[in-house]
Amino acid sequence: MTPIIELKNITFVYPATSRIILKNVNFSLKPGQRVGLVGPNGSGKTSMFHVIMGILKPQKGTILFKGEEVNDKEDFRKLHKTVGLLFQDADDQLFSPTVLEDVAFGPLNLGATPKEAREIAVTTLKELGLEGFENRITHQLSGGEKKLVSLATILAMKPEALLLDEPTNNLDIETRARLIDVLNRLDQALLIISHDWDLLEDTCNDIFAMDKGVLTECDKAYLHEHRHAHRCGRIEHRHIHKIIPVVNVDPRVGQPVH
Ligand SMILES: Nc1ncnc2c1ncn2[C@@H]1O[C@H](COP(=O)(O)OP(=O)(O)O)[C@@H](O)[C@H]1O
Ligand SMILES: [Mg+2]
């Protein structure tokens with residue numbers, strides 16, 4: 001199956017700096033594949049997304065979209081019709097006065113009539129549990145609401161792949177659960193940057209890690225311990241943890257990292 005996106009030997013340095021942000025990164029995202037991307041702050045995850053979208057231009061390497069090299073603005077315009085980016089900061093995503101205008105913007109841009117665009121926007125908002133938000137003032141929304149509306153602006157364009165940059169930041173538990181539910185009902189390819197390990201285990205099949213610009217696949221599960229303290233902790237009790245099926249576990253017991 002031809003990947004939707006492929007990165008080959010990508011090296012990226014911000015102009016006027018000397019630190020290499022992405023070091024010879026190779027990656028591919030196939031139709032329907034669901035990939036999580038973890039890594040410490042500043043390791044290059046967002047930069048990788050921006051390279052894929054053409055916001056940043058790598059000094060070395062090749063970006064392929066459905067098997068074809070992406071070089072100029074016209075190539076990226078085609079990519080943008082198929083690949084949607086949820087920005088880390090929702091304020092970078094939303095720019096219209098009202099929610100409806102923001103969500104209808106993408107479909108309008110892709111050639112829908114105003115009536116069609118409005119219908120798509122209303123339906124998409126409904127699918128995300130945001131009915132009644134149509135006339136809300138975008139900049140007055142809470143952080144979590146902005147995240148969901150941002151996701152609506154992307155889903156309204158019916159992309160084949162979604163790049164989500166820390167989608168659960170600022171979400172309360174219920175909204176986070178709704179987001180996971182929405183993501184699990186999508187059949188699009190997903191690439192999700194997150195520090196929310198449970199979100200990634202819930203929604204993704206493959207996990208990659210970025211460390212100082214080097215991307216590696218995490219193909220094995222490591223058994224590890226969590227320790228914590230709280231009041232009355234000596235009384236026997238249980239916590240409600242999600243049970244992750246432990247498959248492909250490395251036989252060496254990992255060092256507890258928490
Ligand atoms: N416009 C910029 N100019 C110079 N350095 C930048 C710029 N934007 C980000 N950086 C630096 O690049 C590194 C990687 O950033 P980023 O890709 O945002 O990391 P992550 O998303 O993994 O937290 C960080 O050290 C960050 O400070
Ligand atoms: Mg980031």
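The analysis underlying the following values was restricted to heavy atoms, covering all of them including side chains, and did not include hydrogens, waters or symmetry mates. In each ligand, atom 1 is the first atom listed, and ligand 1 is the first ligand listed. Numbers here are sequence positions counted from 1.
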task: Determine whether the side chains of Thr11 and Gln59 contain a donor N or O and an acceptor N or O closer than 3.5 Å.
output: no
- prompt: Are Phe105 and Phe95 close enough that their ring centres sit under 6.0 Å apart?
  reply: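 Yes, the ring of Phe105 comes within the 6.0 Å limit of the ring of Phe95, centre to centre.
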Among protein heavy atoms, which lies nearest [atom], and at what distance?
atom	value
atom 22 (O) of ligand 1	Lys45 NZ, 2.7 Å
atom 26 (C) of ligand 1	Arg19 NH2, 4.3 Å
atom 5 (N) of ligand 1	Tyr14 CD1, 3.4 Å

message: Which residue is it: Leu215, Val25, Ile193? I am looking for the one with a side-chain contact (heavy atoms from CB on, under 4.5 Å) to Phe208.
response: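 Output: one option passes, namely Leu215.
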- line: Rounded to 10°, the OG1/Thr46 to the Mg ion (ligand 2) to OE1/Gln88 angle comes out at 80°
Nearest option to atom 23 (O) of ligand 1, as decided by whichever heavy atom of Gly42, Ala16, Ser47 sits closest: Gly42
field: Residue selection (non-hydrogen contact nearest atom 12 (O) of ligand 1) among Ile21, Ile20, Leu37, Thr17
entry: Ile21
Any atoms of ligand 1 less than 4.0 Å from a non-hydrogen atom of [X]? List them with their elements.
X	result
Asn41	23 (O)
Pro40	22 (O)
Gly44	14 (C), 17 (O), 19 (O), 20 (P), 22 (O)

task: Report the C-alpha distance between Glu127 and Thr124 in whole Å, list the side-chain angles of each, state the deciding distance to 0.1 Å, and finish with yes or no for side-chain hydrogen bond (donor to acceptor under 3.5 Å, both in side chains).
output: CA-CA 5 Å; Glu127 280 164 8; Thr124 310; 4.9 Å; no
message: Strictly distance-based, threshold 3.5 Å: is any side-chain N or O of Glu6 a donor or acceptor partner for the main-chain N or O of Pro3?
response: no
message: Quick check against the 3.5 Å criterion: does Thr98 have a side-chain atom that pairs as donor or acceptor with the backbone of Glu101?
response: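 At least one qualifying donor-acceptor pair exists.
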- prompt: Do Thr46 and ligand 1 have an N or O pair less than 3.5 Å apart?
  reply: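 N/O-N/O distance under 3.5 Å: yes.
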field: N or O contact, Ser43 vs ligand 1, cut-off under 3.5 Å
entry: yes
task: For atom CD1 of Ile173, decide whether the heavy atoms of other residues, nucleotides or ligands shown that lie under 6.0 angstrom number more than 12.
output: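 Result for CD1/Ile173: open.
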- prompt: His230 vs His228 aromatic rings, parallel, tilted or perpendicular, using cut-offs 30° and 60°?
  reply: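 Parallel.
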